[in-house]
Protein chains: 2
Amino acid sequence: MKNLQVTIDVSDKLFVRNPDASILGQKIIRNAINLIDKLGFEAFTFKKLSIAIGSPESSLYRYFENKHMLLLYLTNWYWSWLEKKIVLETLNIESPIVRLEKAITVLTEPVLEDISVSYVNEVLLNRIIIAESAKAIHTKEVDKENRKGCFDSYKNMVNRVAEIVHEVNPRFKYPRMLVSTLVEGVHQQRFFLKHLPALTDSREGEDSITNFYIQLFFKMIS
Amino acid sequence: MKNLQVTIDVSDKLFVRNPDASILGQKIIRNAINLIDKLGFEAFTFKKLSIAIGSPESSLYRYFENKHMLLLYLTNWYWSWLEKKIVLETLNIESPIVRLEKAITVLTEPVLEDISVSYVNEVLLNRIIIAESAKAIHTKEVDKENRKGCFDSYKNMVNRVAEIVHEVNPRFKYPRMLVSTLVEGVHQQRFFLKHLPALTDSREGEDSITNFYIQLFFKMIS
DNA sequence: CAAATTTAATAGTATTACTATCATTTAAAA
DNA sequence: TTTTAAATGATAGTAATACTATTAAATTTG
């Protein structure tokens, strides 16, 4: 695992003021991640966040319109981070099939070690994505937000992997459907494993989720 | 498509008073489905529901603890309904592989026609499941609610199909993971198709989602 | 150093998510 | 058919949420 001390760009449609560009902004992100992970997105409020930070609530609104936009920011950050990881892992590799294997590994392996150096804790963020990211998409404003580019990071990441699939098998018709099925499925199953194990045939310890989806993926494209 | 005028049982852990057993209760369910579909779960409130029904807000709390429990009730109703559909479709069929094909068809085909006779509109309910069901599961109370049996309908349905998979191929190790991947994936992709089509390779009209998942399913178990 | 920008401190509002009380209607039991 | 119980209606009230507004202090930039 390479250490990724790179800046992650997030679309400026997602914030009022860029949290990456100030100390308060970075404090907001760091504490938001901790709090959302601890309380869950429903119980998480700007009031509680402001207390954790020690700044007035009104200051938070100068960075994010509301907690939904903050969640969108975090999800976008995560998908950009994953894409960057994929790019680094597949760099300078000739064989498309090896590149695809590397990419799929990044998408299916658990995010375990804390490789974060910056103000973003990727392990906690991964947990937030698993538990809360569905809420960022499933709103009545999806279409408007989609037009604004609020899901571009996700689309870009999916497209990048889908392109490798296309290289490996140009005749396969559903590369993006396969990649998004894989990504969402892995997250879903990790949540089930932890909370509704009756829906999985997996056990903590052995990583049957990774195995299952890698198998699924390559069966589909061959 | 058979007309299913059968009663659907939902665990009594999910409600304070059984909405199925009174006119007001049925009005609550009918209007809740309409409102959640129209407003989305976030904007949906007991206040608005009470106005739609013409009863005081306090009356709603005599049926459901809060709107989250109401959503849980609806999701459970849906999974029980789907399971009943599967049971009816596979009744008196000898061949396990044909039974499995029928079951998978029920799980993957779109819910289009309004076959509802009772107070539950299954077409709207299906839309609610696609758009909102993730929110019923992704809460900090999952584990407690799981112990109470709040997800039994879902588990039962998945298990029933997983058992047919086992009949067809007893050596396949992940029947439940495969079934839940299929169910969740189909819903996810239907949502993407409507709102984030860039994540799909599917188009409105031709049903590549159904095709994709049927293909995926049988490639995995063979 | 002056000007502009950012943050702190405080206050205030409409809405949400409930809880409580009591009168009235409806249904079931005697 | 009366009596009783259960369900509903009507109304009120509260703490918390999700903001908006204003002004003062601090910090950064030119």
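Convention: sequence-line order gives letters A, B, ...; per-chain numbering from 1.
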>> Among C:dA8, D:dC19, C:dC18, which nucleotide has an atom closest to any side-chain atom of A:Glu57?
In response: D:dC19
> Closest to the B:Arg62 side chain: C:dT21, D:dT20, C:dT6?
Replying inline: C:dT21
> Between B:Met69 (CE) and C:dC18 (C1'), how many Å, whole number?
Replying inline: 16 Å
> Looking at D:dT17, C:dT7, D:dC19, which one has an atom nearest to any side-chain atom of A:Thr45?
Replying inline: D:dT17
>> Side chain of A:Leu24 only, heavy atoms from C-beta on: which candidate in C:dT7, D:dA7, C:dT16 is closest?
In response: C:dT7
> Do the side-chain N or O atoms of B:Ser55 get closer than 4.0 angstrom to the phosphate oxygens (OP1, OP2) of D:dA7?
Replying inline: no
> Between C:dT7 and A:Tyr63, is there an OP1 or OP2 to side-chain N/O distance shorter than 4.0 Å?
Replying inline: yes
>> At less than 4.0 Å, is any side-chain N or O atom of A:Arg17 found next to OP1 or OP2 of C:dT5? Yes or no.
In response: no
> Between D:dA10, D:dT8, C:dA17, which nucleotide gets closest to the side-chain atoms of B:Lys67?
Replying inline: C:dA17
> Counting side-chain heavy atoms from CB outward, which of C:dT19, D:dT8, C:dA8 is closest to B:Ser22?
Replying inline: D:dT8
>> Can you identify which nucleotide, out of D:dA10, C:dT6, C:dA9, has its nearest atom closest to the A:Ser58 side chain?
In response: C:dA9
> Residues two or more places apart in sequence or in another chain: which of them pass side-chain hydrogen bond (donor to acceptor under 3.5 Å, both in side chains) with B:Ser50?
Replying inline: none
> Would the number of heavy atoms belonging to other residues, nucleotides or ligands and lying under 6.0 Å from CG of A:Leu91 be above 12?
Replying inline: yes
> Contact class for A:Phe46 vs. all strands (heavy atom < 4.0 Å): base, sugar-phosphate, or nothing?
Replying inline: nothing
> Within the structure, does a side-chain N or O atom of A:Ser59 lie under 4.0 Å from either OP1 or OP2 of C:dA8?
Replying inline: yes
